[in-house]
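Just so we're clear, the structure is a prediction, and the values are computed from it rather than from any experiment. Chain A is the first sequence line, chain B the second, and so forth, proteins listed ahead of strands; every chain is numbered from 1.
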Protein chains: 2
Amino acid sequence: MTVTRIEQKERTRRAILDAALRLCEGSSLVALSLRQVAKEVGIVPTAFYRHFDSLESLGLALVDESFVSLRAMLRDVRRSDPAFADIVDSSVDVLSRHVKEEHDHFAFIARERTAGPPAVRHSIRHEIELCERELAADLARFPGTDVWSSEDLRVLSNLIVTAMVATAEQILLAAGRPEAEARVAQTARTQLRMVLIGALRWRSSTD
Amino acid sequence: MTVTRIEQKERTRRAILDAALRLCEGSSLVALSLRQVAKEVGIVPTAFYRHFDSLESLGLALVDESFVSLRAMLRDVRRSDPAFADIVDSSVDVLSRHVKEEHDHFAFIARERTAGPPAVRHSIRHEIELCERELAADLARFPGTDVWSSEDLRVLSNLIVTAMVATAEQILLAAGRPEAEARVAQTARTQLRMVLIGALRWRSSTD
DNA sequence: GCTTTGAGTGTACGAACGTTCACTCATTTG
DNA sequence: CAAATGAGTGAACGTTCGTACACTCAAAGC
């Protein structure tokens with residue numbers, strides 16, 4: 001019991017983050033009230049201000065936290081299991097596993113990306129742009145892509161990220177129905193293959 | 001002045017729809033209050049109930065209305081201008097023109113699709129699914145697609161619709177900055193070509 | 001051990017919320 | 001022309017909202 005003081009504060013902070021994540025599921029941050037969060041946590045409304053100075057800064061903290069989950073997923077995708085013959089199979093597999101494991105974080109990103117408070121929307125968009133740039137860098141490391149322009153890489157990774165965001169949304173929607181999940185994953189695999197093959201062919205036919 | 005009575009009612013109804021569309025821009029339907037809408041329209045809160053029995057049914061009316069705009073766009077895409085050499089060019093052109101013209105409707109769909117009240121979300125998802133099925137039927141009419149399975153068509157049209165929804169979101173985001181709009185359109189054209197070529201190649205290599 | 005600190009409390013406020021109800025009064029109807 | 005209709009009014013209700021302020025009382029620091 002040496003660090004009890006800051007430890008307890010951190011515990012309450014976590015409880016607030018979790019409560020907010022839980023409560024705005026099914027609506028949005030913009031429809032959430034400070035009092036609801038406080039009641040859910042079990043503290044008095046004014047105590048909220050000891051941790052965040054507004055719901056918006058709470059939202060920004062949730063963005064940070066959610067993208068920690070998302071980046072953990074990207075890390076897993078990157079060092080894809082060599083047991084998988086196909087990078088597409090392994091990537092979609094990692095995606096669907098992470099999305100289900102960190103359901104709340106991915107749902108938060110998907111929802112607040114378009115409907116959150118302006119600052120939250122902006123922050124999420126920025127993070128996703130960074131992901132696109134990272135993906136473009138990854139793609140550039142592939143054999144045979146050295147002839148591509150950076151613009152082509154950008155366009156391709158934008159398309160892939162868009163498709164994967166949509167896939168994540170559909171996985172969330174199918175959550176708990178294994179056959180629906182499998183269907184979404186199968187669709188995502190096919191789409192990824194179409195895109196990759198198309199990108200290669202398109203390049204070699206226009207360079 | 002023969003139809004003044006119902007005419008006036010319709011006018012107020014329109015004013016409510018417009019006010020709601022305007023007010024929930026930048027947040028969401030779930031963060032909208034009946035009183036805000038009434039104030040914006042210039043009627044007393046209780047008068048709202050003469051036209052809708054809840055904000056949710058207002059939301060459903062806005063979904064209907066927004067998809068009238070969207071379907072008008074699809075109609076334009078379908079009878080694509082023969083002056084355009086490329087169907088991709090003409091489709092993206094029609095898309096960006098309609099999205100800008102009916103900015104509010106497309107923004108509404110994009111936003112409430114993930115963040116609206118459950119019934120609204122569900123309704124939008126249903127409408128988008130119908131669009132996907134229509135697109136699949138259109139694609140089936142293309143020469144050379146007769147060997148495709150209906151599942152392949154479904155997967156492809158899902159991918160295309162996803163990419164176009166994302167494009168619409170980016171056009172909305174770039175609204176008012178012509179160079180940004182042009183960039184989004186150019187990206188969309190490239191992506192559509194990658195997808196179409198990839199789908200063709202993928203099919204012919206696995207049938 | 002005495003003092004300081006700060007997470008959490010409790011009360012209180014004015015504002016906005018959804019909904020109720022009884023109403024007005026111009027238009028429509030018969 | 002009298003009666004019925006129905007869009008819009010206005011006051012009132014019980015809630016919930018964000019926030020201000022003065023407070024408690026363990027843990028942390030000296």
Side-chain angles (χ1 to χ4, degrees), chain A residues 1-62 65 112 115-120, chain B residues 1-62 65 112 115-120:
Chain A
M1 331 314 200
T2 55
V3 283
T4 337
R5 193 69 172 269
I6 55 172
E7 200 184 55
Q8 175 55 33
K9 174 158 188 180
E10 177 55 27
R11 205 172 301 171
T12 303
R13 187 189 144 94
R14 267 252 53 82
I16 291 176
L17 290 166
D18 290 342
L21 218 41
R22 208 176 316 126
L23 285 174
C24 77
E25 181 142 49
S27 58
S28 161
L29 259 186
V30 293
L32 196 62
S33 82
L34 183 154
R35 287 180 108 103
Q36 280 175 51
V37 176
K39 178 179 284 185
E40 178 83 2
V41 173
I43 58 176
V44 91
T46 50
F48 175 90
Y49 293 109
R50 299 286 181 196
H51 303 273
F52 303 97
D53 50 47
S54 68
L55 277 177
E56 179 170 298
S57 68
L58 200 186
L60 292 175
L62 286 173
E65 187 170 278
E112 309 304 333
V120 169
Chain B
M1 334 307 198
T2 54
V3 281
T4 337
R5 193 68 172 271
I6 55 174
E7 201 184 52
Q8 175 54 34
K9 175 158 187 180
E10 176 56 27
R11 206 172 302 171
T12 303
R13 188 188 142 95
R14 267 250 55 80
I16 292 176
L17 289 165
D18 290 343
L21 217 40
R22 207 175 318 125
L23 286 173
C24 77
E25 181 143 47
S27 58
S28 161
L29 259 185
V30 294
L32 196 62
S33 82
L34 183 152
R35 288 180 108 103
Q36 279 175 51
V37 176
K39 177 178 286 186
E40 178 84 2
V41 173
I43 59 176
V44 93
T46 50
F48 176 90
Y49 293 109
R50 299 285 180 195
H51 302 273
F52 303 97
D53 50 48
S54 68
L55 277 178
E56 179 170 299
S57 67
L58 200 187
L60 292 175
L62 286 173
E65 188 171 278
E112 309 305 332
V120 169

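Rounded to whole Å, atom P of D/dT5 lies 17 Å from atom CD1 of B/I6. Rounded to an integer number of Å, the gap from CD1 of B/I43 to C1' of D/dG10 is 14 Å. In this entry the distance linking CZ of B/F52 with C1' of D/dA7 reads 14 Å, nearest Å. A/E7 has its CD atom 12 Å from the P atom of D/dA27, to the nearest Å. Rounding to whole angstrom units, CZ of residue B/R11 and C1' of C/dA26 are separated by 15 Å. Atom CZ of A/R13 is separated from atom P of C/dG6 by 17 Å (rounded to the nearest Å). Distance, B/F48 CZ to D/dA7 P: 14 Å, rounded to whole Å.
DNA chain D lies under 4.0 Å from at least one heavy atom of each of the following residues of residues 28-42 of chain A: A/S33, A/L34, A/R35, A/Q36.
Under the side-chain hydrogen bond (donor to acceptor under 3.5 Å, both in side chains) criterion, B/S27 pairs with no residue at all, not counting sequence neighbours. In terms of the salt bridge (charged side-chain N to carboxylate O under 4.0 Å, His left out) criterion, B/R13 has no residue partners (sequence neighbours excluded). Residues passing the salt bridge (charged side-chain N to carboxylate O under 4.0 Å, His left out) test with A/E65, sequence neighbours excluded: A/R14.
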Identify every side-chain donor-acceptor pair in residues 43-56 of chain B under 3.5 Å, counting partners at least two apart or on other chains, and give the distances.
from  : atom 1 : to    : atom 2 : distance (Å)
B/S54 : OG     : B/E56 : N      : 3.3
B/S54 : OG     : B/S57 : N      : 3.2

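With a 4.5 Å cut-off on side-chain heavy atoms, B/R11 and B/E7 count as touching.
Residue side chain A/T46 reaches the base of C/dG10 through a donor-acceptor N/O pair under 3.5 Å, judged by distance alone.
In this structure, B/D53 and B/R50 both approach DNA chain C, and ranking their closest nucleotides by distance from the 5' end singles out B/D53.
Contact annotation for A/T12: backbone-only contact, meaning every heavy-atom pair under 4.0 Å involves sugar-phosphate atoms and none involves a base.
Candidate nucleotides C/dT28, D/dT9, C/dT9 were compared by shortest atom distance to the side chain of B/T4, and C/dT28 ranks first. Taking every side-chain heavy atom of A/R5 into account, C/dT5 is the closest of C/dT5, C/dT19, C/dT27.
For the pair A/Q8 and C/dG8, the criterion of a side-chain N or O lying under 4.0 Å from OP1 or OP2 is met.
Residue pairs meeting the salt bridge (charged side-chain N to carboxylate O under 4.0 Å, His left out) criterion with at least one partner in residues 20-32 of chain B, sequence neighbours excluded, are B/R22-B/E40.
Of all heavy-atom pairs between B/E112 and B/P117, the closest is OE1-CD, 4.3 Å.
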